[in-house]
Protein chains: 2
Amino acid sequence: MTTVHDVARRAGVSIATVSRVFGRPDAVAEATRHRVLAAAGELGYAPNTSARALVRGRTGYLGLLVHDLANPFYATIAKAAQLEARHRGLALFCADYGDRPDEELTLAKEMARHVDGLLLYPSQPADDALRAATAGLGPAVLIDSPVEGVPHVVMSTAEGVDQAVAHLAALGHRGLVYLDAAPTSMFTSIDRRRNIETSCARTGIELTVLGPFSPGFESGVRAADLVIGEGSTAVVAFSDQMALGVVRRLTERGVRVGADVSVVGVDDIWIAAQVTPALTTVRMPCAEAGAAATRLLADAVDHPGGTPASRVVLPTELIVRSSTGPVPHGGTR
Amino acid sequence: MTTVHDVARRAGVSIATVSRVFGRPDAVAEATRHRVLAAAGELGYAPNTSARALVRGRTGYLGLLVHDLANPFYATIAKAAQLEARHRGLALFCADYGDRPDEELTLAKEMARHVDGLLLYPSQPADDALRAATAGLGPAVLIDSPVEGVPHVVMSTAEGVDQAVAHLAALGHRGLVYLDAAPTSMFTSIDRRRNIETSCARTGIELTVLGPFSPGFESGVRAADLVIGEGSTAVVAFSDQMALGVVRRLTERGVRVGADVSVVGVDDIWIAAQVTPALTTVRMPCAEAGAAATRLLADAVDHPGGTPASRVVLPTELIVRSSTGPVPHGGTR
DNA sequence: CTGAAAGCGCTAACAT
DNA sequence: ATGTTAGCGCTTTCAG
């Protein structure tokens, strides 16, 4: 391993100058700088990251902790976070707590030791306990977990769901079934359910909440039978995966989706646009969330005394496709 | 920030003892250890990772570089790698090179500065150039890139594709169309195409290769029309996404998938099991690959003079579902 | 603009 | 079993 000493000797300067060339290049005369750079090039020198981190008190690393890295929802957040971090000269650790939500905090604590700041998508409720837990971790930004006093970015389904309900109402639907998902204590669940409630109340649509189900395709399949039983003309599901399950089962039972029953999902996963009928859904801005959170975190790391607790709310939008249509003739509610 | 000195003072021991308690606990008398641990607990002490890395010459970090973190294929690899790394007390950096495959090596080089070893899923061909590029990066394990002299783990479609061809042959199909995907220089493409060729040759199935297409749903849609034009009774696609596109278009044009034409995909993405008809496909062991590669890398890092270049070949398997069926009556090829 | 020197916090001989 | 000590490679005052 080549060090500042090797480069210094070769370039005929002191180690301090070598250090400056890589740390604050403009503090060095151009001629000297070139000489040092040349020597460094020949020797294949690059500053040792550990040594630099030690003396600077900054690692240049950020950490991301989510529920499931293989899930496109989180993976998209991770990808965007990683990109944004790189643009700022930072690197990103990625980890997920998978089946062990109880280990979430342990993991966060462990990660915190290695990084300048943490990006957290908690499975815990956004309450005081989370704030307390977050307190000892150093700079942290929460995603989809609006905890007062802690910077966070949330994807709000308010607009998207509102548009969905309005869309359904405009199509003549008088009522709808919402398929809720567990864990109901997560912001994601709360947000979607609450927005459905207020939108329906405001629009005068009769709302029936079913569930909570485990999120996922199979739950949608099971829920579809309930929906048919209810005689509903419209259903909004917690996620596209559930909605797709509903569509599948409905079709299987001879119910024409988009004609007899309208189905709306949330997330806008890629397959939603490709199935038949194409799924009407609320798009979640995962990439934007990942990037925004990283930006917030990087800023917090750079300015330890900055805005105490920034808050970013990302809007959502309804994508209308073919799984929704006019209420069938003679349809009751 | 609390340091060994703080803890040492509080516990009435030397800093060396504190260090030992956290490094080689059994080298310290039980009583002393407890005293130190207590002091550390009260002070909230944990060893500084940068200082430790500096003196040890090891960061305890691994890096993963893939094409697209948001793609479930790579995301699954990442998730498994991360898990395996954690089990070994290591942390994992994740990055992708996305649209800029040319930046792949730059990124790898940058990452290499921060880690003990690299996990690479290259978009470059598995040739001498890659071996050369890899040489200067320190310990590295390649995924799906069998470069001689560099440790690697590959997911071979040999068995899966063989089973697929045999399956089709057993159903009476006399020929099949293979839908190739770009970039054709990647091992993934080469492997699938070559295995199809040898399997067909051995089985006496007439093979028609179409493409290369860009991988993805839309390509499948376009390719389907070609397939119909060919009058083929069976098609194997590079990926499930493409296969799904084929199914969609075939259905749209009144061709009954699984009856008139059989379709086989590769990957076994979750939706493959849920569409109608459910897709027959070759399962790719992404999680196993991520875990195996991480294991290999961790071992290489631990034993710098270990087995020169280990090689793991992960087998694949055909999952038969409903998109394949007997060749239609009177069907030629 | 450049160099000398003092650590950053920790580990690993080497003593005791 | 524990303490002393010498750095790991780098950045950063402080002089010059």
* Just checking B:Ala27: base, sugar-phosphate only, or nothing, at a heavy-atom cut-off of under 4.0 Å? -> base

* Quickly work out the B:Ile15 CD1 to D:dT5 P distance and round it to whole Å. => 11 Å

* Give the rounded distance in Å between these two atoms: CZ of A:Phe22 and P of D:dC10. => 9 Å

* To do: Measure from the side-chain N and O atoms of A:Asp6 to the backbone N and O of A:Arg9, and report whether any donor-acceptor pair falls under 3.5 Å.
  => no

* To do: Could you pick out which residue, B:Ala29 or B:Ala51, lies toward the 5' side of DNA chain D when each is mapped onto its nearest nucleotide?
  => B:Ala29

* Atom-to-atom span, CZ of A:Arg52 to C1' of D:dC8 - whole angstrom -> 16 Å

* To do: Ignoring backbone atoms, test whether B:Ser14 places a side-chain nitrogen or oxygen under 4.0 Å from the OP1 or OP2 oxygen of D:dT2.
  => no

* Verify whether one side chain among B:Tyr121 and B:Thr188 offers a donor that lies under 3.5 Å from an acceptor in the other. => yes

* Asked: With sugar-phosphate meaning primed atoms plus P, OP1 and OP2, does B:Ser50 contact a base, only sugar-phosphate, or nothing at under 4.0 Å between heavy atoms?
  -> nothing

* Asked: Taking any atom under 4.0 angstrom from a heavy atom of chain A, which nucleotides of DNA chain C are the first and last to qualify, 5' to 3'?
  -> C:dC1 to C:dG9

* Asked: Can you tell me if A:Asp68 uses its side chain to pair, donor with acceptor, with the backbone of A:Tyr74 under 3.5 Å?
  -> no

* Structure fact -> A:Arg20 atom CZ is separated from D:dG9 atom P, nearest whole Å, by 20 Å

* Specify whether B:Tyr45 and B:Phe22 have parallel, tilted or perpendicular ring planes, treating 30° as the upper limit for parallel and 60° as the lower limit for perpendicular. => perpendicular

* Roughly how bent is the helix from C:dC1-D:dG16 to C:dT16-D:dA1 end to end, in steps of 10 degrees, with each end axis from five pairs? -> 30°

* Asked: When A:Arg88 is tested against each of A:Thr294, A:Asp299, A:Asp302 for side chain to side chain donor-acceptor pair (under 3.5 Å), which residue passes?
  -> A:Asp299

* Base, sugar-phosphate, or nothing: which does B:Val13 touch, judged by heavy atoms less than 4.0 Å apart? -> sugar-phosphate

* Are the side chain of A:Arg35 and the backbone N or O of A:Ala11 linked by a donor-acceptor pair below 3.5 Å? -> yes

* Whole-Å gap separating P (D:dG9) and CZ (A:Arg58) -> 24 Å

* Rounded distance in Å - CD (B:Glu30) to C1' (D:dT2) -> 16 Å

* If only atom types and distance count, is the side chain of B:His67 paired as donor or acceptor with the main-chain N or O of B:Gly98 below 3.5 Å? -> yes

* To do: Name the closest nucleotide to the A:Ser19 side chain, picking from D:dC8, D:dG9, D:dT11.
  => D:dT11

* Asked: To the nearest Å, how far apart are A:Leu54 CG and D:dC8 C1'?
  -> 9 Å

* A:Ser19 side chain to A:Ile15 main-chain N or O, any donor-acceptor pair under 3.5 Å? -> no

* Asked: Do side-chain atoms of B:Arg33 reach the backbone of B:Asp26 as a donor and acceptor pair under 3.5 angstrom?
  -> no

* To do: Describe the nucleic acid contact of A:Val28 in one word from base, sugar-phosphate, nothing, applying a heavy-atom distance below 4.0 Å.
  => sugar-phosphate

